[in-house]
Structures are given as C-alpha cells and as structure tokens.
Protein chains: 2
Amino acid sequence: METLSHSEEQVMTALWNCGKPATRREIAACLPADCTWADSTLLNFLLRLENKHFVRSEKQGNRNIYTPLVRQVTYCGAVSAAHLQRLYRGDLKAMLGALADTGRISFTDMERLARYLDNRAAESPEYDYD
Amino acid sequence: METLSHSEEQVMTALWNCGKPATRREIAACLPADCTWADSTLLNFLLRLENKHFVRSEKQGNRNIYTPLVRQVTYCGAVSAAHLQRLYRGDLKAMLGALADTGRISFTDMERLARYLDNRAAESPEYDYD
DNA sequence: AAATATCTTCCACAAATGTAAAATAAATAA
DNA sequence: TTATTTATTTTACATTTGTGGAAGATATTT
C-alpha cells in the first residue's frame, strides 16, 4: 500500500471521521484544532491523496465532494503491521514490552488488555461451528 | 524526542544490534541486506544522527567509532506511543482490533498475548512489597 | 450584467530526505 | 618517501513534504 505523509494522514483521518463523502469545508471542520491551514494547503493535500488513490473527487457545481477509497481499518492495519515489522521484527509482545518498560502502559492496562484479548479470542470467527 | 527518518532509523537499529560502539564498517555489516548504500551515504546518515544527538562519534586514528546516545527501548517506546496516538487516539485495543480485523493476528496470537500480559502484570514492579 | 464572494487549480519555494561523487585526510605498502 | 588504499567530510542534486500566493472558474448579490 502506498504510504502517506503525516499531513496527508491527518486529512484522511478527518475525512474518515466525517463518516460520509464530504466537501473541503466539512473535512476542514473535522481537522484537529492545530491544523490552521490555508484553503489551498488542504486542497493540495487532497490533490495528492487523489493521486495516491486514497480519495476520489467529483465536482458538484464549483465544489468538490471527496470520497475515501481506502477504509480506515485497512489503512491502520497496514501501517501498524509495518510499524511492528520495522521496530520489533513483527513481534507484538516486544512492542507491548517497550510500552510497559517506558511507563506508557501500566499493570492495570495490561490486565485489562489481557481480558479484552480473551474476549475477542472467545468470539473469534474461527470458533463458529455449524 | 527528535524524530528519525526511515533511513536514519535503519542505521540506528543496526548500531543498536551491534551491541557496542561500532565503526562504520561494523554498522554496515548489521544493516539489512537491501541497504546497498555507498559508504558516503551511510556516513551521511551517521552525521545527521549525530546532529540529532542520537549518536556520538569519536575519532580513532582515521576512523570513527559511533556510540548510541539513546536506548533502543526509549526510542521504540516513544515512537510506538506516538503511533498509537496518531492512529488510534492512544487506544491500544483499537490497534489490536485493526490488526485482528485485517487478518494480521490470529485467535492463537491473541490468546498467547493475553497470557504474556498476565505474566508481565503478575511480575510488575508495582507489586513488589517489602 | 457587473461586481463580489467562493472554490479550485497551478505554480512556487523552503525544508527534509535519499543518495552519492568529489575533495580531503590519515594509514599502509612499496 | 612516494604511491596506494582506506576513511571521512564536503558538496551537490533529485524527490518528497509542508505551505501558501496568484490565477482561473463558478456562483451569488446588487
């Protein structure tokens, strides 16, 4: 999958958060507060996203409607897998370890996470018999 | 923490893998096979890493010995925390969810991970009484 | 219809990144 | 001690990224 720059990713996130195809204005409204970009800046990122086939735009009068072409979970899954690969040779435990060792997740977090995983595992589709 | 580009990160990883202060040659030997860089390329990345205070270099005759100034776990923890923040608003469960939903971790992986977390939680320093 | 406001596209430019040739310095061999 | 090899530093350049002005459309108001 084609990779996105930090800004491009922020724009995609805003568009995903819109929940439906959106205009440049609506996307801007979903952007985090610290993105005080000029209109042309945002539009430029949207252009670049279009070239990377992450969005499609169709003209409606004089404005564009942007539609995401990649689902958020697809993108996030791919990026996280790459992250894991790059930093931990794909070993998720190593990542959890680094987070714990640097005080970013606590004992309680780990317990909760373990419960969450147990639950997810329990309802995993691999266990639907019929 | 200052951020690293992908190439710079690869160099740091190689240096960390050396396990001790290393020369450019030794670092090159620890690099993944697909990094077929010219010497000056690698040296340039080391220069940039020095400017970012990720390594220190001291001259030994005509060659340099490079020493990491940032521990791998420190860097990885910071980068992973940022990753989590950017893509999942800091919600680790959301990340696990995305990995599971895109077929990157299986039922078995989740179970194993849950066990791992239980163990880590059990021996968490927060539970050392005296 | 003319003036005005909106929107988008194009162009521009600085900074960061990937990459390496050319220049330089130090060590070694002849 | 002069050549030769080995390292490093300097310089350079293309591409990507962050950012926005200017120019060109389209719509709206007077």
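Just so it is clear: chains get the letters A, B, ... in the order the sequence lines come, proteins before strands, and each one is counted from 1. Values below: every heavy atom of this structure, side chains too, minus hydrogens, waters and symmetry copies.
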Please report the distance, rounded to the nearest Å, between [atom1] in [X] and [atom2] in [N].
X        : N       : atom1 : atom2 : value
Gln60(B) : dA25(C) : CD    : C1'   : 17 Å
Trp37(B) : dA21(C) : CH2   : P     : 16 Å
Arg48(A) : dA12(C) : CZ    : P     : 15 Å
Leu49(B) : dA16(C) : CG    : C1'   : 14 Å
Leu42(B) : dG18(C) : CG    : C1'   : 13 Å
Phe45(B) : dA16(C) : CZ    : C1'   : 12 Å

Quiz item: Just wondering, more than 12 heavy atoms not from Arg71(B) lying within 6.0 Å of its CZ?
Solution: no
Distance-minimising heavy-atom pair for [X] and [Y]:
X        : Y         : value
Thr23(A) : Tyr66(A)  : C-CD1, 4.4 Å
Leu96(B) : Ile105(B) : O-CD1, 3.9 Å
Glu8(B)  : Thr3(B)   : OE1-O, 4.4 Å

Quiz prompt | salt_bridge(Asp101(B), Arg120(A)) N-O dist < 4.0 Å | solution = yes
Self-check item: Short N-O contact, Glu58(B) and Arg56(B), less than 4.0 angstrom
Solution: yes
Quiz item: Can you give one letter per nucleotide of nucleotides 6-11 of chain C, 5' to 3': B if a protein heavy atom sits under 4.0 Å from the base, S if only from the sugar-phosphate, - if neither?
Solution: BSBBBB
Quiz item: Hey, does Ser5(A) reach any base, or is it just sugar-phosphate, or nothing, if we go heavy atoms under 4.0 Å?
Solution: sugar-phosphate
Practice problem: Please list, in 5' to 3' order, the outermost nucleotides of DNA chain D lying under 4.0 Å from any heavy atom of chain A. | Solution: dT17(D) to dA27(D)
Quiz item: Does one hydrophobic cluster hold both Ile27(B) and Trp37(B), with members joined at side-chain heavy-atom distances below 4.5 Å?
Solution: yes
Quiz item: Without hydrogens or angle criteria, can the side chains of Thr102(A) and Arg104(A) be said to hold a donor-acceptor pair below 3.5 Å?
Solution: yes
